[in-house]
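Reading through the structure tokens given below for one structure.
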Amino acid sequence: MGNSLRFPTCLLLPLIAGALPATARDLTFEERVDAQQAIERVYYSHQLEARLPFDQAVPPEALKAKVRDTLWKSAILQEQWHAPVTAPMLQAEMQRLARSTRLPDRLREVFAALHDDPFLIQECLARPLLVDRLARSFFSSDERIHRPSRLKMEALREALVSGRLPVSQKDERRTLVEMVRVESGDPPSESSRDPDAKDGASTPLRSLRLPEDEYRRWRSRTPLRIGVAGPIEEERDAFVVRVLLEEDDHHARLAEYRTAKVSWDSWREMARTSLDEY
């Protein structure tokens, strides 16, 4: 669309604010699929390289799968993490969409495709985004799910502390990280490579060139003394232990050990036994 037809973001908010119906209604599975189809038609109409008819590009089974996925995530939030999605949460998600969209005219098209029905917009546009974000966040930090990976890292760290696993020994969980302090005006950069190996083995190497503030932030995540295994740190997809190997005023080299958490996709496959209910 040309600029003269663009729909200002600020005009989306009055359509949303305070528009939740007094009495919410139930939506059938078929109604949700129809709404998903309306949303997908808008998105597909803006794909510049779209060649297939919509019904071939987005078959009914794909629409049904998306609806089932949203309903399953809604259920798992309540059953697994006791975090049901409420109407105020959906209202807030609608407002977030209106404020953050870079394509307000397209969002307005989606609203129109859903008949400007606030409840339908909440349930079929806002809910899928909200439950996906919440479910993945709860999953990432769930100690019950990731305890086996945590125990593996605890055993690995104990082996480092006791000396049973020398820090110089090659290990599939080990990556070398080289940090170089650069002038503050220089942009940070990162590269990865496998250095020349001895005896047919190699250890991945990450090279980081960091301005002063980022260098200090990275350095704060490593032990103060050379050869000491740091504490276990939890990241979104792994548990990590770092060991400082060498350091001078402008350079530090460390060994980083990682044990991967259970992936979202593999856990979802294990947990999807209740999916057929939706």
Side-chain angles (χ1 to χ4, degrees), residues 65-66 68-85 89 93 127-162 164-167 169-179 188 190-194 201-208 210 214 217-223 228-245 252-276 278:
K66 286 191 173 185
R68 290 193 189 99
D69 185 61
T70 294
L71 294 175
W72 178 78
K73 288 171 183 171
S74 298
I76 211 71
L77 280 168
Q78 180 163 344
E79 296 169 7
Q80 178 87 4
W81 296 296
H82 309 293
V85 174
M89 293 167 65
E93 181 69 9
R127 179 181 287 273
L129 298 172
L130 179 62
V131 298
D132 182 72
R133 189 169 69 251
L134 290 178
R136 289 175 184 273
S137 177
F138 278 111
F139 162 79
S140 178
S141 58
D142 192 316
E143 295 180 359
R144 297 165 297 176
I145 295 172
H146 301 296
R147 180 169 174 74
S149 297
R150 172 86 188 199
L151 291 176
K152 289 180 182 178
M153 178 51 81
E154 289 177 356
L156 188 154
R157 184 179 184 279
E158 175 58 30
L160 288 168
V161 170
S162 67
R164 288 185 289 108
L165 176 60
V167 72
Q169 181 174 311
K170 296 183 185 299
D171 189 283
E172 63 181 7
R173 298 159 294 185
R174 174 177 179 258
T175 297
L176 296 178
V177 180
E178 191 168 49
M179 301 186 298
E190 177 176 348
S191 60
S192 300
R193 65 183 179 87
D194 285 346
S202 65
T203 298
L205 172 67
R206 293 174 63 199
S207 180
L208 305 173
L210 303 170
E214 293 193 39
R217 186 162 56 250
W218 256 95
R219 181 62 185 86
S220 69
R221 298 168 62 187
T222 64
V228 175
I232 296 174
E233 294 187 26
E234 182 175 0
E235 297 184 352
R236 187 173 184 85
D237 59 354
F239 294 99
V240 182
V241 165
R242 298 179 176 88
V243 183
L244 183 64
L245 301 178
R253 189 179 180 92
L254 56 111
E256 185 177 82
Y257 296 84
R258 306 177 69 88
T259 57
K261 292 181 176 180
V262 176
S263 72
W264 165 263
D265 288 339
S266 62
W267 177 79
R268 188 178 179 283
E269 285 300 312
M270 293 185 292
R272 68 183 301 171
T273 53
S274 61
L275 184 63
D276 292 339
Y278 304 101

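All values below were derived from every heavy atom in this structure, side-chain atoms included, with hydrogens, water molecules and symmetry-related copies excluded. Residues: numbered from 1 along the sequence shown.
Val131 approaches Val85 most closely through the heavy-atom pair CG1-CG2, 3.7 Å. What you find for Pro223 and Arg219 is that their closest heavy atoms are O-NH1, 3.0 Å. Of all heavy-atom pairs spanning Val161 and Ala229, the tightest one is CG2-CB, 4.1 Å. Summarising the geometry of Arg206 relative to Glu256, their closest heavy-atom pair is NH1-OE1, 3.5 Å, with the distance given to 0.1 Å. Across Phe139 and His146, no two heavy atoms sit closer than the pair O-NE2, 2.8 Å. The two residues Leu244 and Ala252 make their nearest non-hydrogen contact at CD1-CB, 4.3 Å.
The distance from the CG atom of Leu176 to the NZ atom of Lys170 is 7.5 Å, given to the nearest 0.5 Å. Atoms OG and CZ, on Ser162 and Arg157 in that order, are 10.5 Å from each other to the nearest 0.5 Å. The structure places CG of Leu160 at 8.0 Å from CG of Asp171, a figure rounded to the nearest 0.5 Å. Annotation: the span from Gln169 atom CD to Arg164 atom CZ amounts to 11.5 Å, rounded to 0.5 Å. From Tyr257, atom OH reaches atom CD1 of Ile232 across 13.5 Å, with rounding to the nearest 0.5 Å. Between the CZ atom of Arg136 and the CZ atom of Arg268 there is a distance of 8.5 Å, given to the nearest 0.5 Å.
At least one side-chain heavy atom of Lys261 sits less than 4.5 Å from a side-chain heavy atom of Glu234. Using a 4.5 Å heavy-atom threshold, the side chains of Lys73 and Asp69 count as touching. Considering only heavy atoms from C-beta on, Glu93 comes within 4.5 Å of Arg133 through its side chain. Contact check for Arg242 versus Arg221: side-chain heavy atoms found under the 4.5 Å cut-off. Counting heavy atoms from C-beta on, the side chains of Leu208 and Glu214 never come closer than 4.5 Å.
A donor and an acceptor atom, one from each side chain of Arg217 and Ser220, are nowhere located under 3.5 Å apart.
Checked by atom type and distance alone, the side chain of Ser74 pairs as donor or acceptor with a backbone atom of Thr70 at under 3.5 Å. For Ser149 (side chain) and Ala260 (main-chain N/O), a donor-acceptor pair under 3.5 Å exists by modelled atom type. Judged purely by atom type and a 3.5 angstrom limit, Arg127 has no side-chain atom pairing as donor or acceptor with the backbone of Leu71.
Shown here is Glu143, whose CD atom has no more than 12 heavy atoms of other residues, nucleotides or ligands within 6.0 Å.
A salt bridge does not link Lys66 to Asp132: none of the charged nitrogens lies less than 4.0 Å from a carboxylate oxygen.
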